[in-house]
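Given the structure is predicted, the values throughout are model-derived calculations rather than measurements. Chain identifiers are assigned alphabetically (A, B, ...) following the order of the sequence lines, protein sequences preceding nucleic acid strands; residue numbering begins at 1 within each chain. No hydrogens, no waters, no symmetry mates; every other heavy atom, side chains included, goes into these values.
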Number of protein chains: 2
Amino acid sequence: MSTKNKILDAAESLFADKGFNGTSLREITSLAEVNLAAVNYHFGSKKELIKAVMSRYMNELSPNLQASLLVICQQENKPTLNEVFSAFIDPLLSLNVFRENGTSNFLQLLGRGYTDSQGFLRWFLTTQYPEVITNFVTAVQRAYPELSAEDIFWRLHFTMGTVIFTMSSSDALMDIAKSDFEQQVDIADVIRKVIPFVASGVGAPLR
Amino acid sequence: MSTKNKILDAAESLFADKGFNGTSLREITSLAEVNLAAVNYHFGSKKELIKAVMSRYMNELSPNLQASLLVICQQENKPTLNEVFSAFIDPLLSLNVFRENGTSNFLQLLGRGYTDSQGFLRWFLTTQYPEVITNFVTAVQRAYPELSAEDIFWRLHFTMGTVIFTMSSSDALMDIAKSDFEQQVDIADVIRKVIPFVASGVGAPLR
DNA sequence: CGTTATTTTAAACGCTTGTTTAAACTGTCT
DNA sequence: AGACAGTTTAAACAAGCGTTTAAAATAACG
């Protein structure tokens, strides 16, 4: 495995665990078993490393998600919100074959990016991958045409909040669920639990 | 105003803005216009300062929230989930008279605490203020008795995610809403928008 | 007033951070 | 072999961090 990939892998899991600000380059390079200076040699700076970690996931996820949403948008009969949100399941879970713990790592990284570093990652995603959001909005509009653009805006952000926050702390939550309810839960289960929640939320009656 | 309170006020708004890890004692003391060493003199350490900032809010909010939930739990007819969640509105908004921008500051702090510093604030809240959670769960159970304890657990965490995440980025979201929809939105509006969302989410049909 | 306590202050502490430097090493091609 | 690009390395850099120190300033009290 190349130095570059060793760094990316180590950075990814540490970032997901402890956030971007909370992870030092020295932790990354020592987990990756490479020299400290290798990060700046291969990526230029810590910020560029963060972008590289996120891009690796977005480039894998984005086309799958696009295809999945396209099916929803082009099907003949009006989709339900449950169907729209279920379109995320397979693309997200397929990140697990792309990389070990890919799904939860990616969602945790997303969560970190929204709270760490004062929204620079939000800028990065919305400018670098705007079509994902566009298609998603279109799909929701087809499912619930009475929703105004403004309400869609707010409810989609509520949805992102639910998903991202849940996934940021999914490890802790799964541990609690395991000890309190003696039931094994994995990331796929959590996704299946959260979808009816957000679908109902977005579909809430107006006024 | 006492040095101690100057520090608390400055720390509060900086913590809300940039997170606990992202705010240095030097930023706090320079905004508060006090000496750097004053923090360690009055609070002992940065961690204790964080606790003090949160306690100031929890001690204000907790009794109001308890009273509000008690009304719901003791009323004769079964409450709706919308009523249960609406019980949060007044106690949360009353933080605004307690302190300028109190509502959004507090909710942002909550969000920070869940993602920064690997869950030490979660421990702090659940051990120091467990009765708030207990009463809330009871209220939800009255409104939707068919929900299993496990489903309540998950859906309440989804709810916390929605609210906390939304409030963590509420400033940015309100800015976007303002420029995209030319509509003034304040924190009370956001709360009124989020309640139907989470009420519907928690009330989602089973299976 | 003088004598304690309490609070504030400037300076320094040791440590970690991201980044840079310049030398050493590796493999490739003529 | 020699030369050259690419890569790795140890060491140092300046800057920022939370915390501690000891002296100066202020307040409280008999």
Side-chain angles (χ1 to χ4, degrees), chain A residues 1-56 108-109 112-124, chain B residues 1-56 108-109 112-113 115-121 123-124:
Chain A
M1 168 130 46
S2 72
T3 300
K4 212 167 168 174
N5 278 322
K6 282 198 272 187
I7 294 175
L8 281 171
D9 288 352
E12 171 186 318
S13 72
L14 287 173
F15 282 157
D17 235 44
K18 324 171 23 146
F20 300 119
N21 299 334
T23 304
S24 71
L25 294 186
R26 282 167 178 81
E27 293 178 90
I28 294 171
T29 53
S30 104
L31 176 62
E33 295 180 303
V34 302
N35 187 272
L36 167 63
V39 170
N40 287 278
Y41 176 75
H42 285 285
F43 297 94
S45 69
K46 185 180 181 181
K47 204 165 209 167
E48 288 300 319
L49 171 61
I50 296 175
K51 286 191 198 171
V53 168
M54 293 309 294
S55 292
R56 199 165 56 151
Q108 286 181 250
L109 289 170
R112 298 298 184 179
Y114 261 70
T115 48
D116 282 15
S117 64
Q118 294 192 278
F120 118 81
L121 197 63
R122 187 201 323 250
W123 164 87
F124 173 70
Chain B
M1 163 127 50
S2 70
T3 300
K4 212 167 167 173
N5 279 323
K6 283 198 270 185
I7 293 175
L8 281 173
D9 289 352
E12 170 185 319
S13 72
L14 287 172
F15 283 156
D17 235 43
K18 329 177 11 153
F20 301 117
N21 299 333
T23 304
S24 72
L25 295 186
R26 282 167 177 82
E27 292 178 270
I28 294 171
T29 53
S30 105
L31 176 63
E33 295 178 307
V34 302
N35 187 272
L36 167 63
V39 171
N40 287 277
Y41 175 77
H42 285 286
F43 296 95
S45 69
K46 185 178 179 181
K47 203 164 210 167
E48 289 300 320
L49 171 61
I50 296 174
K51 286 191 198 172
V53 168
M54 292 309 295
S55 293
R56 197 165 58 151
Q108 287 181 247
L109 289 171
R112 298 298 184 181
T115 49
D116 282 16
S117 63
Q118 296 192 280
F120 118 83
L121 197 64
W123 164 87
F124 174 70

Item to check | Protein-nucleotide distance (B/Asn21, atom CG; D/dG16, atom P), rounded to Å | outcome: 18 Å
Item to check | Result of checking A/Val34, A/Leu25, A/Leu31 against A/Ile7 for side chain to side chain contact (heavy atoms under 4.5 Å, CB included) | outcome: A/Val34
Checklist entry - Does A/Ser24 make a side-chain N or O approach to OP1 or OP2 of C/dT17 shorter than 4.0 Å? => result yes
Checklist outcome for this item: Per-nt protein contacts along nucleotides 6-12 of chain C (heavy atom under 4.0 Å; B base, S backbone sugar-phosphate only, - none) come out as SBBBB-B
Item to check | Interatomic distance, A/Phe43 CZ vs D/dT8 C1' [rounded to whole Å] | outcome: 15 Å
Item to check | For atom CG of A/Leu49 and atom P of C/dT17, their distance in whole Å | outcome: 15 Å
Next on the checklist: Are the side chains of B/Leu8 and B/His42 in contact, using a 4.5 Å heavy-atom criterion?
Outcome noted: no
Next on the checklist: List the residues meeting side-chain hydrogen bond (donor to acceptor under 3.5 Å, both in side chains) with A/Asn35, not counting sequence neighbours, and say none if there are none.
Outcome noted: none
Item to check | Under the side chain to side chain contact (heavy atoms under 4.5 Å, CB included) test, residues paired with B/Ala11 that sit two or more places apart | outcome: B/Phe15, B/Ile28, B/Leu49, B/Val53
Checklist outcome for this item: Smallest heavy-atom separation, A/Asp17 atom then A/Arg112 atom, equals O-NH2, 2.8 Å
Item to check | Student check: side-chain heavy atoms of B/Lys47 and B/Phe20 closer than 4.5 Å | outcome: no
Checklist entry - Got B/Lys46 and B/Val39 here, is their nearest side-chain heavy-atom distance under 4.5 Å? => result no
Item to check | Most 5' of A/Glu27 and A/Gly44 on DNA chain C, judged by nearest nucleotide | outcome: A/Glu27
Checklist entry - NZ of A/Lys46 versus C1' of C/dT16: gap in Å, rounded? => result 12 Å
Next on the checklist: What is the separation between atom CG on A/Leu25 and atom C1' on D/dT8, rounded to the nearest whole Å?
Outcome noted: 16 Å
Checklist entry - Which part of the nucleic acid, if any, lies within contact of A/Thr29, taking any heavy atom under 4.0 Å across all strands shown: a base, the sugar-phosphate backbone alone, or nothing? => result nothing
Item to check | Separation of atom CD1 in A/Ile28 from atom P in C/dT19, rounded to whole Å | outcome: 11 Å
Checklist entry - Once you round it to whole Å, what is the distance between C1' of D/dT7 and NZ of A/Lys6? => result 12 Å
Next on the checklist: Expressed as a whole number of angstroms, how long is the span from A/Lys18:NZ to C/dT16:C1'?
Outcome noted: 13 Å
